[in-house]
Amino acid sequence: MITVFERPKSLTSAKTHYCPGCTHGIIHRLVAEVIDELGVREKTIGVSPVGCSVLAYNYFNLDMQQAAHGRAPAVATGIKRVNRDKIVFTYQGDGDLASIGTAEIIHAAARGENFTTIFVNNAIYGMTGGQMAPTTLLEQVSQTSPQGRDPSLQGYPIRMSEMLATIEGAAFIARVSVHNPQEVSKAKKTIKKAFELQQAGRGFTLVEVLSTCPTNWGLTPREALKWLADKMIPVYPLGVKKTLEGGEI
């Protein structure tokens, strides 16, 4: 019998705590598949954030380090600088990376630190109950923007990928989505490219992944996928924002 589908070796058998319809599980699998395909599980070190994916160390079957809220890039910097032969990645949500961790991610990119960030953007704070995040859309309702995000009060959403792409130390910045099978396939290829560039010593790489949060969006899983496609992608266009090599993936 030919095995056509199985759990990646870089994932444990633990059942995740994520809500029904949350796409963190898909993103975990993509990262794990890439690590397996590159044959680097035994030399990979991941850094967990604070947020919904705070328990990522239970799900990835490789060395993991927990960081304080927003500090994953600083922790990854230290790990990579003393273990230059290792593959290092951070896995962070939009609250962790784009709010309390803004300085860490910007300066890691500016220094051209040779690690990879997987940035999961679901436009809201998930773990703490659905508050407005830096990535929350205009007019989007949240616990702290009950009338919808008003730019005159709460400012505008931050497009982190576009901002980081302007930094010279960044080698590869891209935005993908996982709302349908075609985009999942593209997302995996993009994540793999980011890890390959790290292997080649090219510098800082980041892949932003548009994700769903049905619970805090107040939608069903199917409705959440459609909302992502209809509402998020126009604000956060998909594609490669910067690459040293040019061209699409």
Side-chain angles (χ1 to χ4, degrees), residues 3-38 41 44 46-49 51-62 64 72 89-98 116-127 130 133 135 160-161 174-196 205-217 219-233 236-240 249:
T3 300
V4 296
F5 191 79
E6 62 182 346
R7 184 177 69 249
K9 291 181 174 58
S10 293
L11 284 182
T12 70
S13 60
K15 294 182 179 180
T16 69
H17 70 286
Y18 300 120
C19 299
C22 170
T23 43
H24 267 303
I26 295 173
I27 303 165
H28 281 15
R29 183 180 178 90
L30 296 183
V31 174
E33 286 180 350
V34 165
I35 291 170
D36 283 4
E37 290 175 12
L38 294 175
R41 185 172 70 87
T44 296
V47 183
S48 302
C52 289
S53 54
V54 66
L55 299 178
Y57 50 77
N58 286 333
Y59 309 139
F60 284 108
N61 185 26
L62 42 88
M64 296 291 293
F89 74 95
T90 71
Y91 188 102
Q92 300 176 256
D94 48 311
D96 183 90
L97 180 144
T116 299
T117 290
I118 306 301
F119 168 38
V120 181
N121 177 3
N122 59 15
I124 206 160
Y125 276 91
M127 182 183 72
T135 52
M160 291 300 299
S161 288
R175 182 182 292 119
V176 298
S177 179
V178 289
H179 69 280
N180 64 34
Q182 295 90 338
E183 296 303 330
V184 169
S185 179
K186 292 178 184 177
K188 180 180 174 180
K189 292 178 182 178
T190 305
I191 292 169
K192 190 171 187 177
K193 184 66 173 181
F195 275 85
E196 288 173 338
T205 60
L206 176 143
V207 179
E208 177 180 347
V209 187
L210 300 186
S211 181
T212 61
C213 186
T215 297
N216 289 304
W217 290 355
L219 301 173
T220 67
R222 179 174 293 182
E223 290 170 341
L225 292 172
K226 187 175 188 304
W227 193 88
L228 188 161
D230 293 346
K231 302 296 185 180
M232 286 190 71
I233 291 177
Y236 299 111
L238 307 182
V240 176
I249 301 301

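This chain uses plain numbering: 1 for the first residue, then up along the sequence. Here the structure is a predicted model, which is why all the values come from computation and not from measurement.
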When rounded to the nearest 0.5 Å, the distance separating CZ of F195 from OG1 of T44 is 6.5 Å
### Message
Determine whether a donor-acceptor pair (N or O, by modelled atom type, separation under 3.5 Å) exists between the side chain of T12 and the backbone of N58.
### Response
yes
When every non-hydrogen atom of G46 is compared with those of L62, the smallest separation belongs to N-CD1, 4.0 Å
Is the shortest heavy-atom distance from the side chain of P49 to the side chain of T90 under 4.5 Å?
-> no
T212 and T23 have their tightest heavy-atom pair at N-OG1, 3.1 Å
| query | Would a 4.5 Å heavy-atom cut-off, applied to side chains only, mark E196 and K193 as touching? | reply | yes
*Do the side chains of L11 and F60 get nearer than 4.5 Å, heavy atoms only?*
yes
Closest non-hydrogen atoms of I124 and N216, given as atom of the first, atom of the second and distance, are CD1-O, 3.8 Å
Scan side-chain atoms only and decide if H24 and Y59 contain a donor-acceptor pair under the 3.5 Å cut-off.
no
So does T135 get a backbone contact from the side chain of Y236, meaning a donor-acceptor N/O pair under 3.5 Å? yes
Separation between CD (E37) and NZ (K188), nearest 0.5 Å, reads 3.5 Å
Close side-chain approach of K9 and D36, heavy atoms under 4.5 Å: yes
For A32 and P8 the tightest heavy-atom approach is CB-CB, 3.8 Å
dist I35:CD1 -> L30:CG (nearest 0.5 Å) comes out at 11.0 Å
dist R41:CZ -> S10:OG (nearest 0.5 Å) comes out at 5.5 Å
Taken to the nearest 0.5 Å, the spacing of K226 NZ from N180 CG works out to 13.0 Å
>> When you compare the side chain of L238 with that of I233, does any pair of heavy atoms fall below 4.5 Å?
In response: yes
query: Taking the inter-plane angle between the rings of W227 and W217 on a 0 to 90° scale, is it parallel (under 30°), tilted (30 to 60°) or perpendicular (over 60°)?
result: tilted
Between P214 and C22 the two heavy atoms that sit nearest each other are CD-N, 4.1 Å
Are E183 and L210 close enough that some pair of their side-chain heavy atoms sits under 4.5 Å apart? no
Query - Worked check of side chain to side chain contact (heavy atoms under 4.5 Å, CB included) between V120 and S53 - result: CA-CA 9 Å; V120 181; S53 54; over 6 Å; no
Partner of S211 under side-chain contact (heavy atoms from CB on, under 4.5 Å), picked from D94, N121, I26, I27, is I27
The reported gap from OH in Y18 to OG1 in T215 (rounded to nearest 0.5 angstrom) is 13.5 Å
Taking every heavy atom of R7 against every heavy atom of R29, the minimum-distance pair comes out as CA-NH1, 3.9 Å
